[in-house]
Chemist: 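Let me begin by handing over the structure; questions about it come next.
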4 protein chains.
Amino acid sequence: MSDVLTRPQEGETVGGIAADRLRSIIERVERLEEERKAIAGDIKEIFSEAKGAGFDVRTIKAILKLRRLEPAQVEEAETLLDIYKRALGM
Amino acid sequence: MSDVLTRPQEGETVGGIAADRLRSIIERVERLEEERKAIAGDIKEIFSEAKGAGFDVRTIKAILKLRRLEPAQVEEAETLLDIYKRALGM
Amino acid sequence: MSDVLTRPQEGETVGGIAADRLRSIIERVERLEEERKAIAGDIKEIFSEAKGAGFDVRTIKAILKLRRLEPAQVEEAETLLDIYKRALGM
Amino acid sequence: MSDVLTRPQEGETVGGIAADRLRSIIERVERLEEERKAIAGDIKEIFSEAKGAGFDVRTIKAILKLRRLEPAQVEEAETLLDIYKRALGM
DNA sequence: TTAGGCTATCCGCTAC
DNA sequence: GTAGCGGATAGCCTAA
């Protein structure tokens, strides 16, 4: 099969689809997903290092979560928890 | 095909495997997994009901987690969190 | 302690919370979680029995997974069909 | 504030914690999480562009999923082969 | 409603 | 032989 015939320079279309452009989109997304995966790996490494240095990873994650949340949200969550605990006599 | 021939009362073996027993094991596990799934559904229903009654489901889950943990563990986790927060000047 | 005083028939409220209902929710969930745990134990027992009978537990789990996946694959096929239909504008 | 006094070269400790190292860990993770978020944004942009060009985003995502699954299915086939080989005592 | 991230359980490994 | 450890997997929740 000759690509010269089936892939005109201006861009082939298959079933009305601009195939080159579709291909480009897919490949760019796949590339970014790889990067994302690599970053996830880096994060895991840091936690591993932290553990090796004697830190408690669970607590570090709790800290990260606190820093992500707005202080007001933290406050409200704690307040609500206290209310429920009180209601249960805890 | 006649099971009378292929499944002797004493238990067929296929490739040296006690097939009946294997079948039994698999079916029992599958049955239990269904039950487990049903229970998960029941729990979801309760949370749904709670939400409908105006409770904050997230907080309820926090309560459940606290009750699951030993009080000593809760204490220690909080202490550790405080130490880390202090170390970070939070 | 007199519940007559502290728990009115209409339901006590603590800090605006319907404490009895909250308690009920929590306890029901905890009960179900126990059941779920018990079932997990039953499953483990079966695997233990299987191992004792000379079966390879890893393989059995692989089989269970395959049987679980089969319905999903049927769906997957349907999804694929949908994709192609969409691509063809049907 | 004088870091000379509060942060000895060997590293300050707060409550027995190597605060600098903890800070470093937290900040590196936060940095990576930002990168991850940025990548997610890039992916969204591409989908947005695709949509603007007349592509069906849902279908593109389905294709990406299929391409992701393919390697997994290769592995799955090997697993299945192993199972059968085992069942045959090979 | 779906996809992605998070958590918790579970399994094998290793080291004691 | 056992118990902690690290990795893998499945289910849950949230956000788009």
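In what follows, every chain begins at residue 1, and chains take the letters A, B, ... in the order their sequences are listed.
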Chemist: Figure out the NZ/P separation between Lys37(D) and dG4(E), and round it to whole Å.
Modeler: 16 Å
Chemist: For the pair made of CD1 in Ile39(A) and C1' in dG5(E), what is the distance, rounded to whole Å?
Modeler: 14 Å
Chemist: May I ask you to test the Glu76(D)-Leu66(C) pair for a side-chain heavy-atom distance under 4.5 Å?
Modeler: yes
Chemist: With a 4.0 Å cut-off on heavy atoms, is Lys44(B) in touch with a base, just the backbone sugar-phosphate, or nothing at all?
Modeler: nothing
Chemist: Just verifying a value: how many Å separate Arg58(C) CZ and Asp82(D) CG, rounded to the nearest 0.5 Å?
Modeler: 10.0 Å
Chemist: Across the strands shown, which category fits Lys51(A) at heavy-atom distances under 4.0 angstrom: base, sugar-phosphate, nothing?
Modeler: sugar-phosphate
Chemist: Could you give the CG-to-P distance, from Leu32(D) to dC6(E), as a whole number of Å?
Modeler: 12 Å
Chemist: Side-chain N or O of Arg36(A) versus OP1/OP2 of dG5(E): is the shortest distance under 4.0 Å?
Modeler: yes
Chemist: Send over the distance from Gln73(B) CD to dA8(E) P, rounded to a whole Å.
Modeler: 12 Å
Chemist: Which heavy atom of Ile63(B) sits nearest a heavy atom of Met90(A), and at what distance?
Modeler: CG2-SD, 4.1 Å
Chemist: Heavy atoms only, 4.0 Å cut-off, all strands: where does Arg68(B) land among base, sugar-phosphate and nothing?
Modeler: nothing
Chemist: With no hydrogens and no angle check, is any side-chain donor or acceptor of Tyr84(A) less than 3.5 Å from a backbone partner on Leu22(C)?
Modeler: no
Chemist: Return yes if some donor-acceptor pair links the side-chain N/O of Thr79(B) with the main-chain N/O of Glu75(B) below 3.5 Å, else return no.
Modeler: yes
Chemist: Rounded to whole angstrom units, what separation is found between the CD atom of Glu49(A) and the P atom of dC5(F)?
Modeler: 18 Å
Chemist: Specify the residues of residues 56-66 of chain C, ordered by number, for which at least one heavy atom lies under 4.0 angstrom from an atom of DNA chain E.
Modeler: Arg58(C), Lys61(C)
Chemist: Output the rounded distance in Å from CD1 (Ile46(D)) to P (dA16(F)).
Modeler: 19 Å
Chemist: Where do Ile60(C) and Leu64(C) land on the side-chain contact (heavy atoms from CB on, under 4.5 Å) test, with the steps shown first?
Modeler: CA-CA 6 Å; Ile60(C) 292 177; Leu64(C) 286 163; 4.1 Å; yes
Chemist: Using whole Å, what does the distance between atom P of nucleotide dT9(E) and atom CG of Leu69(B) come to?
Modeler: 10 Å
Chemist: Can you tell me how far P of dA3(E) sits from CZ of Arg67(D), to the nearest Å?
Modeler: 17 Å
Chemist: Can you tell if the side chain of Glu33(A) reaches within under 4.5 Å of the side chain of Arg68(D), non-hydrogen atoms only?
Modeler: yes
